[in-house]
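For reference, the structure is listed below as structure tokens.
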Amino acid sequence: MDSLSHLALGAGIGVAVMGRRTAVWKAALWGAVCGTLPDLDALIDHGDPVRNMTFHRAESHSLLYLTLVSPALAAGVAKLHGEMDRFRRWWLALSLALVTHPLLDNMTIYGTQLLQPFTDHPYWIGSIFIIDPLYTLPLLIGLLGTALARGPGRWRWNAAGVLVSTLYLGWSVLVQQHVRGIAERAVLAQGLEVERMLVTPTPFNTVLWRLLAMDADGRGYHEAFYSLADGERLPRFDRFERDPALHAALADEWAVARMTWFSHGFYRMRAVDGRALIADLRMGQEPGYVFEFAVARRGSPWHAITPRAVGSRGDARAGLAWLWRRLQGEDLPPPRGPTVMQSPETAR
């Protein structure tokens with residue numbers, strides 16, 4: 001999730017656990033610090049953009065490591081404020097603020113290595129977009145209400161904020177499963193043979209969902225969108241090509257193998273202007289993907305190069321205008337740019 005969401009969740013947990021045992025500002029401050037602390041790994045440069053992407057949310061997001069470091073952090077905070085008699089309560093508050101960071105990240109599509117050092121598998125649910133105001137706003141309102149209110153009822157503001165935001169996460173999972181069922185019906189209706197399918201929300205909401213299905217033969221993939229306002233109207237999948245021969249030629253190169261693993265098979269390879277590009281199809285939509293990298297240059301055979309980021313977010317203004325209309329149920333085709341590699345038989 002975004003930094004503001006982590007700050008707000010950590011602060012909310014700090015205030016909820018500490019309650020009247022310390023000043024609200026202390027609980028909110030240290031909860032927010034611990035809530036965002038795991039993301040400091042983003043400041044580490046591992047040498048190239050593929051390493052930076054795939055080593056993010058690794059050891060610093062380990063549930064074990066965060067649990068082990070929490071007593072030292074709690075002792076430092078309790079000693080700083082002369083509250084060693086409340087050490088156990090600080091320990092509980094800060095440990096929860098720390099471990100809920102990777103657990104919240106796990107709800108997004110990126111992938112979080114929760115079980116380091118036992119496995120580096122990047123777990124993800126993908127039921128919420130990395131920025132969603134409907135998740136973050138209840139936390140901020142709850143904190144503000146607790147800070148401004150007076151009397152014994154002031155703590156209810158924060159408790160309500162944490163509860164509503166948590167219920168929203170639950171709602172996102174339920175809706176995701178509902179939309180997955182609709183996507184599976186659409187795949188059958190179109191006679192598609194797919195190996196795996198992704199169902200994830202579009203930016204800033206849980207109303208409009210992106211559906212991604214990978215061909216069983218590895219030659220292409222299909223993208224569609226479904227809004228809760230669509231009702232019984234099944235989504236229509238558009239097909240796009242990927243280059244399995246190019247992937248086979250470069251499969252042993254570290255960057256290609258790493259992206260194949262990290263994306264759980266939701267990747268695309270293509271040759272553009274003499275370069276081999278690989279993209280993580282989970283983050284973006286046709287034709288623009290945030291994490292796309294040049295990994296080789298044309299030769300006989302292809303020559304691996306130090307990966308370079310070439311990703312794009314596309315036309316944000318056109319995309320947001322389309323998103324707003326589409327989530328309301330308008331049957332609009334998504335904006336497509338000139339770089340789309342769409343198969344001739346399905347091109348509109």
Side-chain angles (χ1 to χ4, degrees), residues 1-40 60-61 63 66-67 69-108 112 125 127-175 201 204-206:
M1 293 291 286
D2 62 291
S3 297
L4 180 59
S5 295
H6 284 305
L7 286 166
L9 177 60
I13 289 174
V15 171
V17 175
M18 294 306 297
R20 298 177 179 85
R21 296 169 183 84
T22 193
V24 172
W25 71 266
K26 295 179 187 177
L29 171 63
W30 291 111
V33 168
C34 289
T36 197
L37 196 60
D39 273 346
L40 292 182
S60 70
H61 286 60
L63 295 177
L66 292 175
T67 300
V69 78
S70 62
L73 288 173
V77 170
K79 187 173 182 179
L80 175 67
H81 296 297
E83 298 177 355
M84 285 301 293
D85 58 319
R86 280 150 278 181
F87 163 71
R88 290 187 179 181
R89 182 61 62 163
W90 275 113
W91 184 6
L92 177 61
L94 300 190
S95 64
L96 287 176
L98 285 168
V99 301
T100 51
H101 178 116
L103 292 176
L104 180 58
D105 279 345
N106 188 54
M107 301 299 293
T108 68
T112 308
I125 294 173
S127 65
I128 192 168
F129 190 69
I130 192 170
I131 301 174
D132 192 327
L134 289 182
Y135 174 78
T136 311
L137 281 175
L139 292 168
L140 295 175
I141 292 171
L143 287 166
L144 183 62
T146 297
L148 297 180
R150 293 293 180 266
R154 64 186 302 197
W155 311 104
R156 295 175 185 171
W157 282 90
N158 182 69
V162 173
L163 176 61
V164 169
S165 65
T166 303
L167 290 175
Y168 185 69
L169 291 179
W171 150 266
S172 73
V173 173
L174 292 176
V175 176
F204 318 127
N205 76 101
T206 52

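Between the side chains of Ser70 and Ser95, no donor-acceptor pair of N or O atoms lies under 3.5 Å. Between the side chains of Ser5 and Asp2, at least one donor-acceptor pair of N or O atoms lies under 3.5 Å. There is a side-chain donor-acceptor pair under 3.5 Å between His81 and Trp30.
The closest side-chain heavy-atom distance from Leu40 to Ser60 is not below 4.5 Å. Side-chain contact between Lys79 and Trp90: absent, with no pair of heavy atoms (C-beta onward) separated by less than 4.5 Å. Side chains of Leu92 and Met18 form no contact here, defined as non-hydrogen atoms less than 4.5 Å apart. The shortest distance between side-chain heavy atoms of Leu37 and Leu66 does not fall below 4.5 Å. Contact annotation: the side chain of Asn205 never approaches that of Phe129 to less than 4.5 Å [non-hydrogen atoms, C-beta and beyond].
Atom CG in Leu163 sits 15.5 Å away from atom OH in Tyr168 (nearest 0.5 Å). Residue Leu9 holds its CG atom at 11.0 Å from CG of Leu140, rounded to the nearest 0.5 Å. With rounding to the nearest 0.5 angstrom, the CG atom of Leu104 is 7.0 Å from the CD1 atom of Ile128. Rounding to the nearest 0.5 Å gives a distance of 6.0 Å between OG1 of Thr22 and CZ of Arg86. In this structure, CE on Met1 lies 12.5 Å from OG1 on Thr36, to the nearest 0.5 angstrom. Remark: Leu29 CG to Cys34 SG distance equals 9.5 Å, nearest 0.5 Å.
Met107 approaches Ser172 most closely through the heavy-atom pair CE-OG, 4.3 Å. The two residues Leu98 and Pro38 make their nearest non-hydrogen contact at O-CG, 4.3 Å. In terms of heavy atoms, Asn158 sits closest to Ala16 at ND2-N, 3.3 Å. Heavy-atom minimum distance, Ser127 versus Val173: OG-CG2, 3.6 Å. In terms of heavy atoms, Val17 sits closest to Arg21 at O-NH1, 3.6 Å. Here the closest heavy-atom approach between residue Arg20 and residue Pro152 is recorded as NH2-O, 3.3 Å.
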inquiry  = Using side chain to side chain contact (heavy atoms under 4.5 Å, CB included), reason through His101 and Leu103 one step at a time and then give a plain yes or no.
reply    = CA-CA 5 Å; His101 178 116; Leu103 292 176; over 6 Å; no
ask   = Is there a side chain to side chain contact (heavy atoms under 4.5 Å, CB included) between Leu134 and Thr206 once you walk through the steps?
value = CA-CA 9 Å; Leu134 289 182; Thr206 52; 5.6 Å; no
message = side chain to side chain contact (heavy atoms under 4.5 Å, CB included), that's the test. Do Val162 and Val15 meet it? Break it down for me.
response = CA-CA 10 Å; Val162 173; Val15 171; over 6 Å; no
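With sequence neighbours left out, Trp157 forms a side chain to side chain contact (heavy atoms under 4.5 Å, CB included) with Ile141, Thr146, Ala149. For Trp155, there are no ring pair (Phe, Tyr, Trp, His ring centres under 6.0 Å) partners at least two apart in sequence or on another chain.
Under the salt bridge (charged side-chain N to carboxylate O under 4.0 Å, His left out) criterion, the residue pairs touching residues 89-107 are Arg57-Asp105, with sequence neighbours excluded.
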